[in-house]
Amino acid sequence: MHVVHTLSDLQRALAGASLRAFVPTMGNLHQGHLDLMQTARNEVDARVGLGGKTVASIFVNRLQFGPHEDFDTYPRTLDQDCDALAAHGCDVVFAPSEKELYPEAQVFKVHPPAELADILEGAFRPGFFVGVSTVVHKLFNIVQPNLAVFGKKDYQQLMVIRRMVQQMALPIDILGAETRRAADGLALSSRNGYLSELERAEAVQLSMALKALAVAAREGCVSGRLDVPALEARAMDSLRLRGWQPDYLTLRLQHDLSPVCGPSTQPLVVLGAAKLGKTRLIDNLEV
Ligand code: PAF
């Protein structure tokens with residue numbers, strides 16, 4: 001596996017690859033990220049075999065962090081990340097410095113549509129999806145992948161990237177990989193590392209509240225009686241009572257994340273974000 005830090009070294013490492021499969025990350029990798037790399041590897045092997053290459057990027061992207069968020073303290077664990085990627089079929093790691101990726105202030109940015117990017121995560125983290133879309137578009141231009149793998153854990157991010165690729169006519173297949181969970185059901189996340197032992201034991205309650213919301217939504221769609229605001233309020237209250245500060249627990253249409261008004265035959269998803277102590281966790285479940 002090659003570890004490269006500059007655009008020119010990356011081009012050399014990828015020269016001649018008949019297919020490029022890309023996994024963008026911010027590092028501090030866990031098994032969920034490694035699943036994305038394994039998906040990329042399997043796709044390359046199935047589509048072209050030896051001629052293709054898998055690439056992971058590791059770059060903590062300042063543009064997607066708010067002023068009071070954890071950019072400075074976000075764990076940088078390059079050596080461990082490279083060892084783990086090497087064991088999961090990665091051919092090339094691209095780990096640029098900030099100066100390499102943003103040699104001057106990034107004043108041209110990708111602004112995703114408000115109806116998709118200013119709701120849910122975007123409402124609580126203003127500018128987040130501008131930062132994500134801008135760096136992902138730039139990384140796509142640099143890596144020139146044929147396919148890229150993103151986790152469903154960041155459901156809204158996956159939707160934003162899919163829309164960007166479609167609207168900009170980028171010739172890249174976007175694959176969504178299932179969320180990897182711990183044995184108790186907690187979705188794996190780099191930010192789980194911020195939890196104390198007590199908080200870690202409590203953290204599974206977010207996925208449990210979402211599961212209860214999903215079950216109630218499914219029942220409501222079948223019975224024809226679905227009071228979405230009441231179900232969402234109940235889900236939020238169930239976490240509040242346990243000491244959480246929920247931002248949202250909500251039922252949405254899968255295809256554009258718009259609100260659900262009543263019983264629906266369309267594919268639905270429940271999404272949630274809530275703070276436990278100082279740590280903000282997100283999760284979702286397709287209904
Ligand atoms: O999901 C992430 O880790 C980041 O948002 C991404 C896609 C690597 C962009 O910085």
Side-chain angles (χ1 to χ4, degrees), residues 5 10 20-40 54-66 69-78 80-82 84-85 88 90 92-98 100-102 106 109-112 116-117 120-122 124-143 145 147-165 168 170 172-180 187-194 271 273 279-284:
H5 302 282
L10 179 70
R20 299 172 181 195
F22 180 39
V23 179
T25 82
M26 297 204 302
N28 192 25
L29 305 182
H30 50 68
Q31 191 56 48
H33 294 108
L34 301 175
D35 289 351
L36 306 185
M37 177 44 68
Q38 199 59 60
T39 302
T54 58
V55 193
S57 63
I58 297 181
F59 180 69
V60 185
N61 174 38
R62 186 186 289 277
L63 291 188
Q64 70 191 72
F65 286 77
E69 293 185 346
D70 53 348
F71 174 77
D72 288 329
T73 54
Y74 199 88
R76 273 84 168 166
T77 52
L78 183 63
Q80 281 156 253
D81 293 345
C82 288
L85 286 166
H88 286 79
C90 183
V92 181
V93 175
F94 176 49
S97 65
E98 270 204 292
E100 183 71 11
L101 206 63
Y102 298 134
Q106 184 70 32
K109 294 186 178 156
V110 178
H111 285 262
L116 184 58
L120 305 172
E121 283 307 282
F124 288 91
R125 304 181 69 187
F128 174 67
F129 288 115
V130 174
V132 169
S133 306
T134 302
V135 78
V136 171
H137 198 290
K138 191 160 185 171
L139 288 167
F140 281 174
N141 283 334
I142 293 167
V143 175
L147 67 96
V149 190
F150 291 81
K152 285 192 187 178
K153 160 77 169 39
D154 297 301
Y155 205 84
Q156 190 177 3
Q157 169 172 283
L158 174 60
M159 305 283 303
V160 168
I161 301 301
R162 279 195 197 286
R163 275 301 291 291
M164 177 179 82
V165 162
M168 300 295 197
L170 303 179
I172 304 170
D173 291 347
I174 302 298
L175 308 187
E178 293 305 323
T179 300
R180 170 71 78 133
L188 295 197
S189 160
S190 299
R191 290 190 170 98
N192 292 351
Y194 297 154
L271 305 106
T279 309
R280 187 170 180 279
L281 301 176
I282 64 171
D283 198 357
N284 64 79

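Read the numbers this way: they start at 1 and go in the same order the structure lists the ligands and their atoms. All residue numbers refer to positions in the sequence shown, counting from 1. Just so it is clear, the structure is predicted and the values come from calculations on it, not from any experiment.
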No-hydrogen, no-angle side-chain donor-acceptor test under 3.5 Å, Gln64 and Asn61: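 Distance-only check passes for Gln64 and Asn61.
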Nearest-neighbour protein heavy atom for atom 4 (C) of ligand 1, which is reported as residue plus atom name and distance: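 So the nearest neighbour among protein heavy atoms is Gln64 NE2, 3.6 Å.
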Geometric cation-pi criterion Arg20 and Phe94, 6.0 Å radius, 45° cone: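 No, Arg20 does not lie over the aromatic ring of Phe94.
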Side chain proximity check, Ser57 to Val143, heavy atoms < 4.5 angstrom: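 Of all side-chain heavy-atom pairs linking Val143 with Ser57, none is under 4.5 Å.
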Thr25 N/O to ligand 1 N/O under 3.5 Å: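 Min N/O separation from ligand 1 is not below 3.5 Å for Thr25.
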Distance-only N or O hit between ligand 1 and Gln157, under 3.5 Å: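 Checking ligand 1 against Gln157, an N or O pair does fall under 3.5 Å apart.
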Asn28 side chain to Arg76 backbone, donor-acceptor under 3.5 Å: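 No, Asn28 side chain to Arg76 backbone: no donor-acceptor pair under 3.5 Å.
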Contact atoms of ligand 1, heavy-atom distance to Val135 under 4.0 Å: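 Those qualifying, in numeric order: 9 (C), 10 (O).
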